[in-house]
Amino acid sequence: MQSGGDFSNGFHRDDHRDLDLEERQVPGLSSFGRAKKRGRGGARDPRGALTNGIRVSDEQKPLDTQGSSLPCTDFDVAYFHSYAHVGIHEEMIKDRARTETYREAIMRHQSLIQDKVVVDVGCGTGILSIFCAQAGAKRVYAVDASDIAVQAKEVVKANGLSDKVIVLHGRVEDVEIDEEVDVIISEWMGYMLLYESMLGSVITARDRWLKPGGLILPSHATLYMAPISHPDRYSHSIDFWRNVYGIDMSAMMQLAKQCAFEEPSVESISGETVLTWPEVVKHIDCQTIKIQELDSVTAKYKFKSMMRAPMHGFAFWFDVEFSEPAKNTSATSVANGSSSISPSREGNQKKRSNPSDALVLSTSPEAPPTHWQQTIVYFYDPIDVEQDQIIEGSVTLSQSKENRRFMNIHLEYTSAGRSFVKESVMR
Ligand SMILES: C[S@@+](CC[C@H](N)C(=O)[O-])C[C@H]1O[C@@H](n2cnc3c(N)ncnc32)[C@H](O)[C@@H]1O
């Protein structure tokens with residue numbers, strides 16, 4: 001947490017409140033991730049409740065960490081456990097924008113999948129593996145460390161695909177696949193793109209098994225941010241306390257602000273709340289990104305407000321693109337390459353130019369809604385901005401040291417002579 005200088009700790013410089021915004025003790029083995037954010041995925045006995053004694057694979061044991069450089073922590077067990085709940089899979093599969101875009105991506109790349117070997121990183125119920133088998137894949141390794149793999153195996157069997165789709169119940173970091181693969185498919189994106197830290201497992205799979213120049217779906221991902229004005233949200237949670245059945249309860253407002261805005265909020269906002277064009281926080285090329293790059297991502301931003309309005313914070317959203325690797329991709333360029341864009345003060349608004357026919361799944365406020373919605377980092381108090389006012393600063397997203405599935409958000413803001421830092425944790 002930054003202190004001194006031009007910034008105060010998590011609050012407006014002129015507020016002088018002293019609330020502890022450090023990371024708190026994390027709850028034990030309960031729900032997590034997308035399931036948690038939706039209040040689904042109740043606690044279960046780790047590894048057992050859903051297995052019913054079925055052996056998923058003769059060779060693979062779930063969460064066998066031997067041979068992996070990445071230890072499987074209790075937090076990881078809790079994370080996989082949350083994916084054993086049916087609710088989160090139902091929600092993801094019913095997200096038509098998500099699921100139909102993946103199916104479309106598989107069909108568009110059928111020529112690169114037909115008669116080829118595929119790994120599905122985090123297969124869940126097996127839906128993407130089955131799409132790949134339907135597209136003519138020779139073999140699909142469907143890997144999942146969650147007990148949902150038991151159901152995936154049953155689903156594969158019921159669809160007569162057991163000879164093509166091999167379900168491996170274990171972590172991608174630990175399971176053994178004795179051949180190189182042509183294609184990696186994965187739905188790894190968390191809220192704010194990087195929450196859940198699942199992309200690291202896709203990179204591990206890529207570096208373990210993908211042939212040079214192989215296909216990764218999705219191929220690219222981009223995280224955006226933009227300032228927003230959302231007075232309804234503020235009046236709903238905060239102004240409400242000014243007059244409650246005729247009683248002045250404004251003494252509740254400080255607590256209400258802390259409770260409502262301390263942590264990032266996952267919600268759907270309308271495009272009309274956005275005050276400027278978005279900027280790129282991080283662009284990811286899945287062929288070349290390295291795991292270490294994901295430990296901490298920092299981007300500077302500089303916006304010019306397009307209108308006069310109370311500003312309530314920043315919205316974050318992402319898109320992913322499904323395109324085939326450039327023809328000149330080689331083992332060397334994969335090993336040595338770097339992301340094709342690195343956000344800079346001048347360059348954030350430029351995105352890698354997309355091939356016009358690239359398929360994109362967008363979670364922007366103006367795209368068809370998805371279960372990811374948008375993630376909002378609210379200020380504790382609104383700030384009035386004028387038209388053309390410059391809003392600048394930086395944002396750093398880093399994996400929590402306590403639990404790498406959680407994300408620390410460090411936001412620095414300066415505008416019209418006012419500066420502050422907002423620290424929050426997405427847990
Ligand atoms: C977002 S879900 C996607 C499920 C499915 N592919 C779909 O599209 O419906 C991610 C899945 O990846 C699994 N997963 C995450 N990290 C993993 C890892 N390192 N090894 C194996 N499975 C993993 C989770 O257990 C979860 O079932």
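Heavy atoms only: backbone and side chains are in, while hydrogens, waters and symmetry mates are out. If you read the sequence from its start, that first residue is 1, and numbering goes on from there. One-based numbering, in listed order, for ligands and for the atoms of each.
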Contact atoms of ligand 1, heavy-atom distance to [X] under 4.0 Å:
X: R98; answer: 7 (C), 8 (O), 9 (O)
X: E173; answer: 18 (C), 19 (N)
X: H89; answer: 27 (O)
X: L128; answer: 6 (N), 8 (O)
X: S201; answer: 18 (C), 19 (N)

What part of [X], side chain from CB on, backbone N/CA/C/O, both or neither, has a heavy atom under 4.0 Å from ligand 1?
X: S186; answer: neither
X: Y79; answer: side chain
X: I127; answer: side chain
X: V172; answer: both

Between [X] and [Y], a side-chain donor and acceptor under 3.5 Å:
X: Y141; Y: E179; answer: yes
X: D319; Y: Y224; answer: yes
X: T99; Y: R103; answer: no
X: Y79; Y: E196; answer: yes
X: T222; Y: H283; answer: yes
X: E267; Y: S265; answer: yes

(message) Judged on heavy-atom distance to atom 2 (S) of ligand 1, which of H81, M92, R171 sits nearest?
(response) M92
(request) For atom 3 (C) of ligand 1, state which one of G122, G124, A84 supplies the nearest heavy atom. (result) G122
(message) Tell me whether A145 has any N or O atom under 3.5 angstrom from an N or O of ligand 1.
(response) yes
(message) Please report whether ligand 1 has a polar contact with D144, defined as an N or O pair separated by less than 3.5 Å (distance criterion only).
(response) yes
(message) For F420 and Y413, take the angle between the two ring planes, folded into 0 to 90°, and tell me which bin it lands in: parallel under 30, tilted 30 to 60, perpendicular over 60.
(response) parallel
(request) Classify the ring geometry between Y234 and H312 as parallel (under 30°), tilted (30 to 60°) or perpendicular (over 60°). (result) tilted
(message) Closer than 4.0 angstrom, basic N to acidic O: yes or no for K302 and E279?
(response) no
